[in-house]
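Here's the structure we're looking at; comments come further down.
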Amino acid sequence: MEEKQLPGFIMCVCTGKCPGFQAMDIWDFINQVRVELPVEYGFIHPQLCEEDGDRFLADFLKSHRKVVIGACAPNMQKKMFKDAFKEAGLDIEKDAVMLDIRDMTNEKAISVVEEALEKLGLEV
């Protein structure tokens with residue numbers, strides 16, 4: 001990653017009907033991430049584990065930008081996305097941070113994202 005290149009932030013909301021996101025206002029959350037935190041951009045995808053999510057992730061990874069993904073269990077994300085990272089020539093352990101932000105309020109989820117960005121060496 002170039003020194004000034006910021007990571008992207010993708011939030012997957014599991015179709016928007018997952019009970020794990022009921023404590024959060026997803027629109028306020030993503031707007032706070034993209035406006036207040038050091039990310040190049042932040043956006044919501046409805047279901048990264050579906051076929052269109054696979055295609056989207058493959059296109060996104062062509063930028064070779066680090067990515068923070070806020071969604072379900074990190075171990076599941078790694079299993080689902082490892083091939084996309086490999087095909088893009090990226091290392092999922094070094095080029096991605098996978099976060100479980102289910103069952104969190106906006107404030108708690110923002111805190112988790114801030115910690116992840118700090119671990120990437122960004123000033124929050």
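The structure presented is a predicted model; accordingly, all values stated were derived computationally and were not measured.
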**Item:** Where Phe21 and Cys14 come nearest, the two heavy atoms and their spacing
**Value:** CE1-SG, 4.2 Å
**Complete:** Distance col, row Leu117:CG vs Leu6:CG, nearest 0.5 angstrom, shows 9.0 Å
**Inter- and intrachain pairs under salt bridge (charged side-chain N to carboxylate O under 4.0 Å, His left out), touching residues 100-114, at least two apart** = Asp100-Arg102
Sequence neighbours left out, cut at 3.5 Å: what donor-acceptor pairs do the side chains of residues 42-58 make with other protein atoms?
from, atom 1, to, atom 2, distance (Å)
His45, ND1, Gln47, N, 2.9
His45, ND1, Leu48, N, 3.4

**Item:** Single-linkage hydrophobic cluster Val68~Phe60, side-chain heavy atoms < 4.5 angstrom
**Value:** no
**Request:** Give the cluster check for Tyr41 versus Leu37: same hydrophobic cluster or not, with ILVMFWY residues linked at side-chain heavy-atom distances below 4.5 Å.
**Result:** no
**Message:** Going by side-chain hydrogen bond (donor to acceptor under 3.5 Å, both in side chains), name the residues that satisfy it together with Lys62, two or more places apart in sequence or in a different chain.
**Reply:** Asp59
**Request:** Report the distance from atom CZ of Phe9 to atom CD of Glu40, rounding to the nearest 0.5 Å.
**Result:** 15.0 Å
Side-chain donor-acceptor distances from residues 27-34 under 3.5 Å, at least two apart:
from, atom 1, to, atom 2, distance (Å)
Asn31, OD1, Arg34, NE, 2.8
Asn31, OD1, Arg34, NH2, 3.1
Asn31, ND2, Trp27, O, 3.0
Gln32, NE2, Glu36, OE1, 3.2

**Asked** In terms of hydrophobic clustering (I, L, V, M, F, W, Y; side-chain heavy atoms under 4.5 Å; direct or indirect links), are Ile101 and Ile10 co-clustered?
**Response** no
**Prompt:** Do the non-hydrogen side-chain atoms of Ile26 and Met11 ever get within less than 4.5 Å of each other?
**Reply:** yes
Would you mind writing out the side-chain donor-acceptor pairs for residues 74-94 within the sub-3.5 Å range, not counting sequence neighbours?
from, atom 1, to, atom 2, distance (Å)
Gln77, NE2, Cys72, O, 2.8
Gln77, NE2, Leu99, O, 3.2
Asp91, OD1, Glu93, N, 2.8

**Message:** With clusters defined by side-chain heavy atoms of hydrophobic residues (ILVMFWY) lying less than 4.5 Å apart, directly or transitively, does Ile69 cluster with Val97?
**Reply:** no
**Asked** Do you reckon Val39 sits in the same ILVMFWY cluster as Val67, going by side-chain contacts under 4.5 Å, direct or chained?
**Response** no
